[in-house]
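In what follows, a structure is listed as structure tokens, so that the remarks can point back to it.
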Amino acid sequence: MALGERLKASRVNKGYSQGDVADHLNISRQSISKWENGNSYPDLDNLVKLSTYYEVSIDELLKENQELKKK
């Protein structure tokens, strides 16, 4: 699963819309869409904010393999 897919899955899991996330981060909804579609990536500051907002670790957002996360 790519970063964009994990971002989208985390957002949907929390029941947030792209607009909700965009408002929380003070960015455009289009930026959220680009991240989730893999057309661009969040910067480090926004990645930290996303992990806090979604209540997941940065490792969970970045790492593809769950076995790596366990290590």
Side-chain angles (χ1 to χ4, degrees):
M1 186 183 292
L3 174 61
E5 293 170 329
R6 285 189 297 282
L7 289 173
K8 183 175 182 177
S10 297
R11 176 181 59 79
V12 170
N13 187 43
K14 293 303 256 178
Y16 300 143
S17 69
Q18 288 182 342
D20 294 335
V21 178
D23 289 344
H24 180 76
L25 299 177
N26 295 315
I27 59 174
S28 69
R29 188 205 54 79
Q30 289 81 3
S31 293
I32 303 299
S33 178
K34 287 179 183 179
W35 296 346
E36 291 181 358
N37 290 320
N39 295 328
S40 68
Y41 298 99
D43 62 17
L44 188 56
D45 289 337
N46 282 325
L47 194 59
V48 170
K49 291 176 186 176
L50 286 168
S51 73
T52 301
Y53 193 53
Y54 293 157
E55 298 177 337
V56 297
S57 71
I58 292 174
D59 282 352
E60 287 180 76
L61 291 176
L62 292 177
K63 291 184 180 177
E64 288 193 42
N65 188 334
Q66 291 299 321
E67 290 300 316
L68 288 176
K69 187 178 85 169
K70 290 178 184 176
K71 291 181 183 180

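Values in this document were obtained by computation on a predicted structure and should not be read as measured data.
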Salt bridge (Lys or Arg N to Asp or Glu O under 4.0 Å) contacts in which one or both residues fall within residues 30-53, not counting sequence neighbours:
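Sorted result for residues 30-53: Arg11-Glu36.
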
How long is the straight-line distance from CG of Asn13 back to CD of Glu55, given to the nearest 0.5 Å?
10.0 Å

OG-CD1 distance between Ser51 and Ile58, expressed to the nearest 0.5 angstrom
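It is 4.0 Å, given to the nearest 0.5 Å.
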
Partners meeting side chain to side chain contact (heavy atoms under 4.5 Å, CB included) with Thr52 (sequence neighbours left out):
none

Residues in side chain to side chain contact (heavy atoms under 4.5 Å, CB included) contact with Asp20, at least two apart in sequence or another chain
Tyr16, Ser17, Tyr53

State, to 0.1 Å, how close Ala2 and Glu5 come at their nearest heavy-atom pair, and which atoms those are.
N-OE1, 2.9 Å

Could you state whether Leu7 and Val12 fall into the same hydrophobic cluster, counting links through intermediate Ile, Leu, Val, Met, Phe, Trp or Tyr residues with side-chain heavy atoms under 4.5 angstrom apart?
no

Would you say Val48 ends up clustered with Tyr54 if hydrophobic residues are merged whenever their side chains have heavy atoms under 4.5 Å apart, either directly or through other cluster members?
yes

According to side-chain hydrogen bond (donor to acceptor under 3.5 Å, both in side chains), who are the partners of Asn37, at least two apart in sequence or on a separate chain?
Ser33

May I ask you to test the Leu62-Leu47 pair for a side-chain heavy-atom distance under 4.5 Å?
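Contact flag for Leu62/Leu47 side chains = yes.
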
Heavy atoms, side chains only, cut-off 4.5 Å: are Trp35 and Leu3 in contact?
no

Please tabulate, for side-chain N and O atoms in residues 22-29, each donor-acceptor pair with protein atoms closer than 3.5 Å (sequence neighbours left out).
{"unit_1": "Ser28", "atom_1": "OG", "unit_2": "Ser31", "atom_2": "N", "d": "3.2"}
{"unit_1": "Ser28", "atom_1": "OG", "unit_2": "Ser31", "atom_2": "OG", "d": "3.1"}
{"unit_1": "Arg29", "atom_1": "NH1", "unit_2": "Gln18", "atom_2": "OE1", "d": "2.8"}

